Amino acid sequence: VSQCRHIVGSMMLSLGIRLAISGGRCLSRRKHSLLRPAVIAASAQLDNRTPRSPAAYQGCLRAINSSVVVLGRILPFDLPDVGEAIQTVQIKEWLVKPGDSVAMGDPVCEVQSDKSAATIYIPYSGVIQELMYEVDDIATKDEPLLTIDTEDEGEADPVDTPPPDATPQPPPPPPSSREPHLQSGKVLATPAVRKMASERGIDLSQVVGSGKEGRVMKEDLFRHIEGGKAPVTVQAPAEAVAPPVPPPDATPPPLTLTEDRQEPVKGYRAVMVKTMTTSGQIPQFGYCDEVDMTNLVQLRAHLKPQIEERGTKFSYMPVIIKALSMALHSYPVLNSTVDPECTVLTHRADHNIGIAMDTDKGLVVPNIKRVQHKSMFEIAMELNRLHEQSRTGYLSPQDITGGTFSLSNIGAIGGTYNRPMLLPPEVAIGAFGKVQVLPRFDEDGSLRKAHVMQVSWSADHRVIDGAVVARFSNLWKSYLENPGTMITDLK
């Protein structure tokens with residue numbers, strides 16, 4: 001810090017600028033970048049050496065940015081590390097505006113990277129002075145995100161913001177100001193949270209808010225839903241009702257282009273480019289079969305009302321996923337990952353089952369962690385949470401990393417057999433067609449109506465034999481065709 005003061009002091013003198021140490025104000029992003037060459041030149045003049053590269057002074061500039069003593073009490077808050085080696089993010093929504101008072105640990109914005117979304121929490125208390133970006137702008141890691149006046153908070157050192165490995169959580173705040181509580185009167189919540197609550201028919205006044213002054217956060221909303229509480233339907237005025245959002249598989253309106261149009265490949269689609277390019281270089285074994293779902297259709301009809309009374313939707317997928325996990329206990333090699341050179345095969349202990357989800361931003365494959373330890377009800381809850389967060393763009397890095405086996409329910413849109421592509425480093429993937437009512441013969445030769453679903457598997461043929469896939473598929477199929485047999489192997 002002493003060296004940084006010396007450099008900055010010389011720079012300011014050479015430019016003829018007065019800066020009071022105790023009352024100085026921080027530099028805006030533009031001024032900050034303009035003065036960087038001056039810092040380098042000043043340092044070279046002091047050391048009588050060749051000017052150094054800007055990278056050599058990154059540590060010095062960060063020290064200047066985060067030192068309350070050097071630049072006064074208005075601090076720049078840099079974009080922290082959001083994990084997964086992500087260097088840039090898109091600003092999706094500001095949760096604060098200039099003039100707002102914030103406490104340490106309050107959320108300030110929602111950001112979206114190529115891989116996931118995250119909430120950014122501020123490690124200072126004070127008053128927001130300036131937002132450095134507009135919504136949809138691209139922000140860079142370790143560059144100022146906003147400025148905050150900490151004058152009322154003394155000269156405490158800033159708190160480092162750790163990279164999130166799950167949905168980011170704020171640092172522990174003082175209990176007196178951050179106790180979760182129900183609100184009376186107007187509910188504090190961001191527009192994104194209000195939209196999610198409206199779509200689910202949830203009364204926000206019934207949700208316990210953990211944010212500042214009882215603000216309802218996304219995590220509070222999901223906690224409320226997963227807690228099994230029945231949503232409280234709100235009857236909104238007719239003029240306040242938002243138009244319904246079409247499902248992702250709805251046919252888009254016709255669009256006639258009058259000229260060629262280019263668009264950048266970014267976000268989820270950019271990730272898919274890299275993944276599918278790698279996958280296409282792997283020799284893949286394909287195997288197809290059909291499953292008689294008649295007994296499962298009857299079981300679902302019996303269980304669906306009971307599970308929906310507990311506050312969650314119930315489809316075939318939770319049973320399919322649980323049956324898959326049970327079959328993997330007998331064929332653990334299919335729950336493996338392989339290194340890029342294909343020299344080490346890692347047998348994974350947890351069954352982190354990925355589910356391909358279609359979003360307006362592209363294909364994303366979040367995964368349900370440790371399926372082998374979850375009940376079908378817990379799987380259904382987690383599946384609904386991931387679907388909701390993928391649709392709204394709020395999946396965390398933890399949600400989309402660490403998968404061990406992936407599934408595609410393309411049949412929800414249509415089709416029967418298909419050819420799923422591996423998601424490296426995983427070694428197996430499955431895809432299901434739509435459930436159809438088709439004529440089938442019983443063992444005694446009598447014709448009956450059957451609910452039939454086609455399944456297609458792909459496996460890394462470098463490390464997986466075709467016979468293993470066939471035997472695994474037969475076991476998984478037996479669980480679905482006779483759901484009662486699952487009871488004997490459930491853990």
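What's counted below: heavy atoms across the whole structure, side chains too, no hydrogens, waters or symmetry copies. This one's a predicted model, so the numbers in the text were calculated from it and none came from an experiment.
- Two residues are said to be in side-chain contact when any heavy atoms from C-beta on lie closer than 4.5 Å; M453 and K434 fail this criterion.
- Between D399 and K369 there is no side-chain heavy-atom pair separated by less than 4.5 Å.
- Of all heavy-atom pairs spanning A431 and N418, the tightest one is CB-OD1, 3.0 Å.
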Inset, instruction - Determine, step by step, whether R385 and E388 satisfy the salt bridge (Lys or Arg N to Asp or Glu O under 4.0 Å) criterion, reporting the C-alpha distance in whole Å, the side-chain angles of both residues, the deciding distance to 0.1 Å, and the verdict. - result: CA-CA 5 Å; R385 182 188 72 83; E388 180 67 24; over 6 Å; no
Inset, instruction - Walk me through it: do K141 and D78 pass the test salt bridge (Lys or Arg N to Asp or Glu O under 4.0 Å)? - result: CA-CA 7 Å; K141 178 178 174 289; D78 294 346; over 6 Å; no
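- Around the CZ atom of R448, the shell of radius 6.0 Å holds more than 12 heavy atoms that belong to other residues, nucleotides or ligands.
- Ring planes of F472 and Y331: perpendicular class, angle over 60° (limits at 30 and 60°).
- Side chain to side chain, T404 and E426 fail the donor-acceptor criterion of an N or O pair below 3.5 Å.
- Residue E290 forms a side-chain hydrogen bond (donor to acceptor under 3.5 Å, both in side chains) with just one option from Q436, R440, K477, and that option is R440.
- Considering all non-hydrogen atoms of both residues, P318 and L383 come closest at CD-CD2, 4.3 Å.
- Each ring pair (Phe, Tyr, Trp, His ring centres under 6.0 Å) pair with one or both residues in residues 272-309, not counting sequence neighbours, appears once here: F285-H461.
- Note: H351 and H373 fail the aromatic proximity criterion, with ring centroids not under 6.0 Å apart.
- For T119 and E110, the side-chain atoms include at least one donor-acceptor pair closer than 3.5 Å.
- Other residues, nucleotides and ligands contribute over 12 non-hydrogen atoms within 6.0 Å of the CZ atom of R462.
- From I429, atom CD1 reaches atom OG of S279 across 8.0 Å, with rounding to the nearest 0.5 Å.
- With sequence neighbours excluded, no residue forms a side chain to side chain donor-acceptor pair (under 3.5 Å) with S336.
- Side-chain contact check for S406 versus I353: every heavy-atom pair is 4.5 Å or farther apart.
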Inset, instruction - Show your working on side chain to side chain contact (heavy atoms under 4.5 Å, CB included) between V338 and T346 and close with a plain yes or no. - result: CA-CA 6 Å; V338 66; T346 303; over 6 Å; no
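- The CZ atom of R300 sits 8.0 Å away from atom CZ of F314, with the distance rounded to the nearest 0.5 Å.
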Legend entry - I355/L386 under side chain to side chain contact (heavy atoms under 4.5 Å, CB included): CA gap, chis, key distance, verdict: CA-CA 9 Å; I355 310 297; L386 292 174; 5.9 Å; no
Inset, instruction - Apply ring pair (Phe, Tyr, Trp, His ring centres under 6.0 Å) to the pair F432 and W476, showing each step before the final yes or no. - result: CA-CA 13 Å; F432 315 122; W476 169 81; 5.6 Å; yes
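- Atom CZ of residue R419 and atom OG of residue S456 lie 11.0 Å apart, to the nearest 0.5 angstrom.
- Taking a 6.0 Å sphere around CG of D444, one finds it holds more than 12 heavy atoms contributed by other residues, nucleotides or ligands.
- I368 approaches K374 most closely through the heavy-atom pair CG2-CD, 4.0 Å.
- Rounding to the nearest 0.5 Å gives a distance of 7.5 Å between CD1 of I410 and CG of D358.
- A donor-acceptor contact under 3.5 angstrom links the side chains of Y479 and D489, judged on distance only.
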Inset, instruction - Apply the test side chain to side chain contact (heavy atoms under 4.5 Å, CB included) to residues I400 and V364: give CA-CA distance (whole Å), side-chain angles for both, the deciding distance (0.1 Å), then the verdict. - result: CA-CA 8 Å; I400 59 176; V364 63; 3.9 Å; yes
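- A distance of 7.5 Å separates CD1 of I91 from CG of D137, quoted to the nearest 0.5 Å.
- Side-chain N/O atoms of D289 and S473 include no donor and acceptor closer than 3.5 Å.
- Side-chain contact, Q306 with R310: no donor N or O sits under 3.5 Å from an acceptor N or O.
- Side-chain contact of E481 with N295: a donor-acceptor pair under 3.5 Å is absent, judged by distance alone.
- No side-chain donor-acceptor contact under 3.5 Å links N482 and T485.
- The distance from atom CG of L490 to atom CD1 of I487, rounded to the nearest 0.5 Å, is 7.0 Å.
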